[in-house]
Protein chains: 2
Amino acid sequence: MSGKRSLIRSGTTVDQMVRAIGDRIVTGVLVPGEKLDEVSLAARFEVSRTPVREALGQLSAMGLVERRPNRGAIVAVVTQEHLTSMFESMAELEGICARFCAERMSGSERRALETEHQASARLVRLGAEEDYEYFNTEFHSRLYRGAHSTHIQELTAMTRSRLAPFRRAQFRLAGRLAKSWQEHDAIVTAILRGDGTAAGTAAKNHVSIVSEASAVFAVGERPKAASLAMPFTAS
Amino acid sequence: MSGKRSLIRSGTTVDQMVRAIGDRIVTGVLVPGEKLDEVSLAARFEVSRTPVREALGQLSAMGLVERRPNRGAIVAVVTQEHLTSMFESMAELEGICARFCAERMSGSERRALETEHQASARLVRLGAEEDYEYFNTEFHSRLYRGAHSTHIQELTAMTRSRLAPFRRAQFRLAGRLAKSWQEHDAIVTAILRGDGTAAGTAAKNHVSIVSEASAVFAVGERPKAASLAMPFTAS
DNA sequence: AAGGCAGAAAGTGTATGCAATTGCCTTTCA
DNA sequence: TGAAAGGCAATTGCATACACTTTCTGCCTT
């Protein structure tokens with residue numbers, strides 16, 4: 001294989017692998033406990049085992065995959081206890097971000113937050129779950145950025161990505177959209193008011209509620225490595 | 001090289017490399033900005049480049065080294081802004097840990113914390129900086145464990161290790177030991193009282209003060225890659 | 001003399017091969 | 001018939017080889 005990397009985009013191959021495999025874990029294509037075979041992955045992405053191994057190493061450091069020495073890698077399987085701990089941490093982290101936002105956001109950041117938030121009200125009325133989910137992600141990212149603290153941002157993003165597999169199903173719950181919007185509203189209002197304490201508390205509560213909604217999906221479902229037989233869809 | 005790995009202990013080679021290189025970064029043997037040459041490291045540890053590369057990848061994911069595509073790896077160099085952000089995060093994280101400790105520590109944990117803390121008073125009177133530093137590390141670890149939240153523990157430990165290179169010089173400051181002990185005392189008292197809010201505040205202040213003490217060492221010292229010529233001491 | 005370009009050297013990125021460990025299956029003995 | 005031991009297949013871990021990118025050096029041009 002001396003030719004250019006065919007379908008995978010630019011950047012280093014390993015980086016692409018990390019994103020590709022990580023995405024599939026985060027989006028639930030690869031389920032916790034599923035075996036990650038090096039040769040299969042290498043064949044699937046049309047690269048050699050070396051970049052695959054390096055990618056798995058990085059994903060392991062990120063906590064998304066678990067590596068047993070000499071026994072291969074599996075998608076990280078989290079215990080109920082650890083899951084609770086992660087949600088709890090997420091609540092605290094988002095609380096901190098919201099508090100910092102209330103104290104530090106620039107005028108334009110506040111305006112953008114308010115504008116986007118108000119725009120999303122329409123999605124709630126329409127019941128556009130897909131679109132609202134996209135907005136929701138953007139809303140939270142805005143909160144992380146608005147904290148003006150690169151490290152908090154890193155920690156929050158990391159925790160969020162590790163929680164992603166367990167948060168997907170939450171919007172199926174009836175009335176979730178409206179409730180989510182109201183919670184967002186409380187956060188936005190407090191931030192615009194410059195009330196860090198209230199913003200922090202509101203953000204913490206927001207995550208806590210999501211946590212409860214997601215907890216049910218945590219344990220119980222641990223499919224065997226059935227879906228690996230059919231490699232995931234083309235990138 | 002078919003023989004057993006000689007000096008490095010058990011476990012996978014990559015893991016040993018991660019620890020070995022990571023230690024040298026954390027302890028300041030390798031200074032920020034220093035070039036990490038793969039072949040030199042491989043030769044130094046008597047392994048091939050493959051495990052070195054994997055170790056660098058993991059260290060990069062941990063944030064201890066910075067990897068420029070096609071341009072080698074260097075010990076992560078943090079900007080003043082990022083350093084401030086990390087200390088700020090550390091303060092928040094320790095605050096959370098202390099708050100959780102006040103709410104969740106078991107009886108034996110509280111007793112152990114109190115006992116060790118009181119024992120350390122002796123070290124302050126003697127001015128035993130080395131021994132106090134060791135105790136100090138243990139004290140903080142106790143706080144992280146006592147929070148009973150594995151993920152918070154991870155985040156805290158990670159942030160702490162990334163801050164380690166910048167925290168070493170703090171105890172040189174006059175009267176630092178006594179002040180540190182008093183701050184610890186405020187934390188311990190609040191925890192034993194079960195006052196989560198007070199414990200959190202006290203822990204946050206504690207880190208903030210350390211932060212200020214360390215900030216001076218942040219920028220200004222950026223030695224060129226001089227010490228790499230002489231490989232670090234035998235492990 | 002200064003700037004830029006060409007070629008070589010150094011170093012990283014990826015592929016492949018070999019050794020070693022693991023897990024499973026078969027065989028054998030109680 | 002069950003269990004334990006040994007061998008075999010599969011997979012991981014590490015080493016080496018090759019390809020490509022970057023950078024340094026020296027020469028040529030202006």
Side-chain angles (χ1 to χ4, degrees), chain A residues 1-21 30 33-61 64-76 224-225 228-229 231 235, chain B residues 1-21 30 33-61 64-76 224-225 228-229 231 235:
Chain A
M1 175 168 305
S2 60
K4 267 276 159 288
R5 190 94 312 103
S6 50
L7 27 100
I8 319 184
R9 293 171 308 209
S10 65
T12 70
T13 307
V14 173
D15 237 36
Q16 299 299 333
M17 298 286 305
V18 170
R19 272 198 288 266
I21 301 176
L30 297 171
E34 188 163 328
K35 200 161 177 303
L36 295 172
D37 183 24
E38 294 180 4
V39 290
S40 305
L41 289 171
R44 169 66 191 79
F45 288 101
E46 297 183 316
V47 295
S48 80
R49 279 177 48 222
T50 309
V52 173
R53 282 183 59 77
E54 245 178 276
L56 288 177
Q58 295 203 25
L59 288 165
S60 170
L64 280 176
V65 320
E66 196 175 326
R67 250 190 157 176
R68 293 96 38 100
N70 285 315
R71 295 182 49 202
I74 59 173
V75 178
K224 297 293 177 217
L228 190 62
S235 72
Chain B
M1 172 165 310
S2 60
K4 266 273 157 295
R5 190 94 309 106
S6 51
L7 24 99
I8 321 183
R9 291 174 309 213
S10 65
T12 69
T13 308
V14 173
D15 237 38
Q16 299 299 334
M17 298 287 304
V18 170
R19 272 198 288 265
I21 301 176
L30 297 171
E34 188 164 329
K35 202 162 174 303
L36 295 172
D37 183 24
E38 293 179 4
V39 289
S40 306
L41 288 171
R44 168 66 190 80
F45 288 101
E46 297 181 318
V47 296
S48 79
R49 277 178 51 219
T50 309
V52 173
R53 281 183 60 79
E54 238 175 287
L56 288 177
Q58 296 203 24
L59 289 165
S60 169
L64 280 176
V65 321
E66 196 175 325
R67 245 185 163 183
R68 293 99 33 101
N70 284 316
R71 294 182 51 200
I74 59 173
V75 178
K224 295 294 175 216
L228 190 63
S235 74

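Keep in mind that what you see is a predicted model, and the values were worked out from it rather than measured. Chain letters run A, B, ... following the sequence lines, proteins first and then strands; every chain starts at 1.
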By side chain to side chain donor-acceptor pair (under 3.5 Å), which residues pair with A/Glu38, not counting sequence neighbours?
A/Arg49, A/Arg53
Picking from B/Thr50, B/Val18, B/Val47, what satisfies side chain to side chain contact (heavy atoms under 4.5 Å, CB included) with B/Thr13?
B/Val47
Of the options [options], whose atoms approach the side-chain atoms of [X] most closely?
X	options	answer
B/Glu38	D/dC14, C/dG13, C/dG11	C/dG13
A/Ser48	C/dT12, D/dA15, C/dT16	C/dT16
B/Val47	D/dA15, C/dT14, D/dT12	D/dA15
A/Pro51	C/dA15, C/dT12, D/dT12	C/dA15

Side-chain N or O of [X] closer than 4.0 Å to phosphate OP1/OP2 of [N]:
X	N	answer
A/Thr13	C/dG13	no
A/Thr50	C/dT14	no
B/Arg49	C/dT12	no

side-chain contact (heavy atoms from CB on, under 4.5 Å) filter on B/Ala73, not counting sequence neighbours, yields B/Leu36, B/Leu56, B/Arg67
So which atom in A/Ala61 and which in B/Ala61 form the shortest heavy-atom distance, rounded to 0.1 Å?
CB-CB, 3.7 Å
Kindly indicate, with the supporting measurements, whether the criterion side-chain contact (heavy atoms from CB on, under 4.5 Å) is fulfilled by B/Arg68 and B/Ile74.
CA-CA 8 Å; B/Arg68 293 99 33 101; B/Ile74 59 173; 3.8 Å; yes
DNA chain D contacts among residues 68-76 of chain A, heavy-atom distance under 4.0 Å:
A/Pro69, A/Asn70, A/Gly72
